[in-house]
Structures are given as C-alpha cells and as structure tokens.
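Predicted, not measured: the structure shown is a model, and the values here were computed from it. Per chain, numbering begins at 1; letters A, B, ... match sequence-line order.
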There are 2 protein chains.
Amino acid sequence: MPPVATKHAALIHALNHEGRQYSTAVVVFHHAVSRRLGLNAGDHKYADILMRSGPMTAGKLAEITGLTSGAITGIVDRLAQAGWVKRIQDPADKRRVILTPIHHPKKAKEVQAVFGSLITAMGQLSGSYSDTELALILDFMARSRTILLEQAVQVGAKKKPQTARNVKRRRAR
Amino acid sequence: MPPVATKHAALIHALNHEGRQYSTAVVVFHHAVSRRLGLNAGDHKYADILMRSGPMTAGKLAEITGLTSGAITGIVDRLAQAGWVKRIQDPADKRRVILTPIHHPKKAKEVQAVFGSLITAMGQLSGSYSDTELALILDFMARSRTILLEQAVQVGAKKKPQTARNVKRRRAR
DNA sequence: GTGATTATCTTAGTCACTAAGACAAACCAC
DNA sequence: GTGGTTTGTCTTAGTGACTAAGATAATCAC
C-alpha cells in the first residue's frame with residue numbers, strides 16, 4: 001500500500017491492519033484454550049454454541065453451523081467422548097437426537113481457570129478507560145463488524161465459480 | 001453467564017463478546033475474499049504474507065507460518081498454479097527456492113475491486129469519528145490483542161498433553 | 001575429498017470435512 | 001389402518017490440507 005496523505009486516512013489504514021491482527025490474536029487464543037481443554041478449535045466452538053444456546057437437535061446444530069449432518073455426527077462423537085455433551089433420544093420424535101451439554105463441576109472449574117486470568121487482565125485494561133470510552137469502542141467494533149459481514153456477502157455474490165481445487169501437481173525443477 | 005452488577009462490568013463483558021464476534025466477521029470476510037480470488041482461506045493468508053513481505057525462501061515462509069516444509073510445498077504449488085507466486089532457484093545456493101510474488105495487473109485489479117468497497121465503507125464509518133476517537137479505539141484494540149496473545153501463551157504453557165484425537169467411534173443407539 | 005548439515009520435496013498416514021445414500025420414524029393422503 | 005413420501009441422523013467413500021519421516025541434492029567444515 002502507498003503511504004497515506006492525511007492523519008485520518010493513516011488511522012483508517014492502521015485500524016484495518018489492527019482489525020486483522022486482532023482477529024488473528026483471537027483465533028490464536030481460542031486455539032490455545034481449545035487445546036488446553038482437550039478439544040480442537042472447531043469442536044470447541046461448537047461446544048461453546050451448545051453451552052450458550054442449551055440443548056438442541058443435531059439438525060439444528062447443523063443448520064446453525066452450516067455443516068453437513070455427517071460432519072455433525074463426527075463432532076458430537078468427539079464432544080461426547082470428551083464428556084462435554086450427551087446424546088439423548090427425543091421421546092416425542094425418535095428420529096431426533098437432542099444434544100445436551102453436560103455441566104460437570106470439574107470441567108467448569110477448568111474453563112474458569114482458563115478464562116479467569118483473561119477476564120482479570122481485560123478488567124485491568126478497561127479499568128483505565130471511562131464507560132463512555134468503552135461504549136465508543138464497543139460501538140465502533142460492532143459497526144465495523146456489520147460492514148465486514150455486509151462486504152463479505154457482497155464479495156461472495158460476485159464469487160467466481162472456480163476455486164483452486166483439482167490442481168494437478170506438476171513442477172519443473 | 002449471570003447478569004453483571006455494574007455498567008463497567010457489563011461493558012467489559014460486552015467487549016469480550018464483541019471481540020469474538022468481530023473476529024468471526026473478519027474470518028468470514030477473509031474467507032469470502034479468498035474464494036473470490038480463487039484461493040482457499042489458508043493459501044490467501046500465505047499469499048498475503050508474501051505480497052506484504054516480498055520474496056523469501058520456502059524455509060522462511062515455513063518459519064513464519066509455523067508449518068512443515070511439506071505443507072509449504074503444497075501451498076506454493078497451489079499459489080504458483082493460480083499465478084500468484086513464482087519459484088525461483090537461488091543462484092547463490094541452489095538448494096534454496098525463492099518465492100516471488102507475481103504482480104499481474106489483472107490480479108491487482110481484482111484485488112482492488114474486492115477491497116475497494118470495504119475501504120469506502122470503512123472510510124464512511126470512521127468519518128463520523130474524530131482522530132482522537134480513532135486513536136483511542138486503535139490503542140484499545142492493540143492492547144487487547146497483546147493481552148490475548150500473552151494469555152494464549154500462558155494457557156498453552158499449562159496445556160494438557162492429551163487431545164481429542166484417536167477417539168474410537170463407538171456409540172449406542 | 002569426506003562427512004555432517006541444510007533446504008526442499010516426496011511419501012504415507014491422519015483428520016475433518018462433503019456428497020450421496022441407508023434406514024428408521026413420522027407424516028400424509030385416502 | 002395401509003402405502004408412499006418426507007425427515008433426521010448415521011454411514012460410507014472420497015477429498016484437501018496437514019504432519020512426520022525419509023529421500024535427494026547442495027553446501028559447509030575440516
């Protein structure tokens with residue numbers, strides 16, 4: 001990118017860059033937490049959805065995540081094996097499986113241990129900001145997020161059919 | 001999570017939540033852009049590293065990304081096939097391969113088309129903020145990012161050896 | 001020159017996914 | 001009720017992107 005002309009433009013550019021870096025940091029943190037809890041990053045995310053939203057059918061989770069039913073089967077296998085969720089047959093419709101988060105005190109303690117120091121550190125940071133400032137930051141991030149999602153849709157709509165798959169490996173040495 | 005006691009605590013909680021959602025939005029946007037450019041999200045990221053940092057050896061890219069040399073081989077195969085980079089043998093050390101980003105006007109135009117409207121939209125948003133405010137937001141995000149990365153290291157240090165791999169699929173019906 | 005080291009590629013195996021189909025349960029005529 | 005269709009989940013086969021370990025060629029140390 002070429003050097004920018006005004007301070008305002010420079011700030012916008014820096015925010016764009018920071019947005020990406022921030023996102024990467026969230027992903028890195030999330031990944032570390034997942035490993036710590038004995039899950040891969042994807043499964044952790046899905047477990048989180050279940051914990052937040054409460055019991056739901058396998059189909060509902062597939063819908064929320066956009067994954068196929070086959071993928072959900074594998075995810076639930078792993079989460080059940082690791083003791084985070086239970087499969088319960090719906091008595092009202094025996095085809096359905098209700099995925100139920102298990103609230104195990106030991107696991108809750110582990111989660112607490114992992115997030116506790118983040119919450120403390122973030123609390124310390126935000127302690128140096130006024131409520132007005134925090135609200136401003138929150139609002140900006142929410143607005144930026146909306147723009148990103150809108151743009152993603154717009155970019156996706158113009159999406160090219162071809163992706164980099166089926167590339168035959170052929171290389172000169 | 002239980003309802004929080006103070007406005008300040010509520011804001012911290014909201015920022016934590018927003019941080020995650022923001023990160024997801026960045027990932028979604030990035031994914032859409034990648035698809036639009038005929039790459040998968042990972043390859044796009046690596047191409048971006050090359051474009052920003054300029055030519056480097058395959059080994060250097062492996063080091064930066066933390067991937068194995070075998071993975072780099074595959075990534076460079078795909079990027080080269082799609083016309084984003086070239087492999088050039090280092091004349092000074094014929095073992096080495098220098099990965100060189102290709103600056104193709106047509107591709108540059110594509111990239112411009114994809115990011116142009118994001119930049120416009122973000123410009124409009126940040127137009128409603130003063131430079132002081134933008135600087136505040138930028139600073140907060142950078143500090144949060146630092147905390148996240150520190151916490152990731154800390155969480156990782158206590159990491160359990162076992163992960164959810166090698167789970168034998170066994171399930172009652 | 002010979003041996004150890006280095007940089008990349010290759011091969012074999014793994015993991016999380018998709019697509020398509022199997023199968024039981026539920027729904028819907030009639 | 002019975003028969004055909006639809007629905008919800010699981011199974012199977014195949015793929016893409018990775019890792020680990022080893023092959024290969026070039027370089028370095030002496």
Side-chain angles (χ1 to χ4, degrees), chain A residues 31 34-35 38-47 50 55-82 85-100 162-173, chain B residues 31 34-35 38-47 50 55-82 85-100 162-173:
Chain A
H31 191 257
S34 304
R35 299 266 314 175
L39 296 168
N40 67 43
D43 289 353
H44 180 199
K45 186 175 154 190
Y46 309 135
L50 281 173
M56 68 178 73
T57 64
K60 184 70 189 171
L61 185 58
E63 188 192 313
I64 291 174
T65 58
L67 299 176
T68 60
S69 64
I72 297 297
T73 300
I75 289 161
V76 176
D77 281 354
R78 293 189 296 272
L79 290 181
Q81 160 74 29
V85 304
K86 254 191 313 199
R87 275 186 172 94
I88 294 176
Q89 194 186 48
D90 187 345
D93 181 344
K94 287 190 242 168
R95 291 169 306 177
R96 282 195 288 201
V97 168
I98 300 176
L99 308 176
T100 313
Q162 165 263 7
T163 46
R165 36 173 54 189
N166 301 326
V167 171
K168 277 284 162 287
R169 291 176 58 180
R170 191 129 304 279
R171 193 170 42 250
R173 255 203 108 167
Chain B
H31 192 256
S34 304
R35 299 266 315 175
L39 296 167
N40 67 43
D43 289 353
H44 179 200
K45 185 176 154 188
Y46 309 135
L50 282 172
M56 67 179 73
T57 63
K60 183 72 189 166
L61 185 58
E63 189 192 313
I64 291 175
T65 58
L67 298 178
T68 60
S69 63
I72 298 297
T73 301
I75 289 162
V76 176
D77 281 355
R78 292 189 297 271
L79 290 181
Q81 160 73 29
V85 304
K86 254 192 314 202
R87 275 186 172 92
I88 294 175
Q89 195 186 49
D90 187 345
D93 181 345
K94 288 191 243 170
R95 291 170 305 177
R96 283 196 288 201
V97 167
I98 300 176
L99 308 175
T100 313
Q162 162 263 8
T163 47
R165 36 174 55 191
N166 301 326
V167 171
K168 279 283 162 288
R169 291 176 58 182
R170 192 130 301 280
R171 193 167 45 249
R173 253 199 115 172

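Looking at B/T68, its side chain has no donor and acceptor atom pair within 3.5 Å of the base of D/dC18. With hydrogens and angles ignored, no donor-acceptor pair closer than 3.5 Å exists between the side chain of B/R95 and the base of C/dT8.
Atoms CZ and OG1, from A/R96 and A/T57 in turn, are 6.5 Å apart once rounded to the nearest 0.5 Å. Put simply, OG1 on B/T100 and CZ on B/R87 are 11.0 Å apart, with the number rounded to the nearest 0.5 Å. Between the CD1 atom of B/I98 and the NZ atom of B/K60 there is a distance of 13.5 Å, given to the nearest 0.5 Å. Summarising the geometry, atom CD1 belonging to A/I64 is positioned 8.0 Å from atom CG belonging to A/L50; distances are rounded to the nearest 0.5 Å.
Side-chain contact between B/L99 and B/L79 is absent, with no heavy atoms from C-beta onward closer than 4.5 Å.
Of the listed nucleotides (C/dC17, D/dT19, D/dC10), D/dT19 has the atom at the smallest distance from the side chain of B/L67. Among the nucleotides C/dC17, C/dT8, D/dT9, the one closest to any side-chain atom of B/V97 is C/dT8.
Shown here for B/D43 and B/N40, the closest heavy-atom pair between the two residues is N-OD1, 2.8 Å.
Within the 4.0 angstrom heavy-atom criterion, base atoms lie near A/A71. The residue B/G70 sits close to a base: some heavy atom pair falls under 4.0 Å. Nucleic acid contact class of B/I72 (heavy atoms, under 4.0 Å, all strands): none.
Comparing A/S69 and B/A92 by the nucleotide of DNA chain D that holds the closest heavy atom to each, the one mapping nearer the 5' end is A/S69. Looking at which nucleotide of DNA chain C each of A/G42 and B/I98 is closest to, the 5′-most match is held by B/I98.
Taking atom CG of A/L39 as the reference point, atom P of C/dC15 lies 15 Å away to the nearest angstrom. When the C1' atom of C/dA16 is taken as reference, atom NE2 of A/H44 falls 18 Å away, rounded to whole Å. Between B/D93 atom CG and D/dA25 atom P there is a gap of 15 Å when expressed in whole angstrom units. Taking atom CG of residue A/D77 and atom C1' of nucleotide D/dT9, one finds them 11 Å apart after rounding to whole Å. Distance, A/L99 CG to D/dG8 P: 14 Å, rounded to whole Å. For the pair A/D90 CG and C/dA24 C1', the computed distance is 15 Å after rounding to whole Å. Between the NE2 atom of B/H31 and the C1' atom of D/dG16 there is a distance of 12 Å, given to the nearest Å. Between the CD atom of A/Q89 and the P atom of D/dC10 there is a distance of 11 Å, given to the nearest Å.
The phosphate of D/dA17 has OP1 or OP2 within less than 4.0 Å of a side-chain N or O from B/N40. For B/R78 and D/dC18, the shortest distance from a side-chain N or O to OP1 or OP2 is below 4.0 Å. Look at A/R87 and you'll find a side-chain N or O under 4.0 angstrom from OP1 or OP2 of D/dC10. At D/dA17, none of the side-chain N or O atoms of B/Y46 fall inside 4.0 Å of OP1 or OP2 (strictly under the cut-off).
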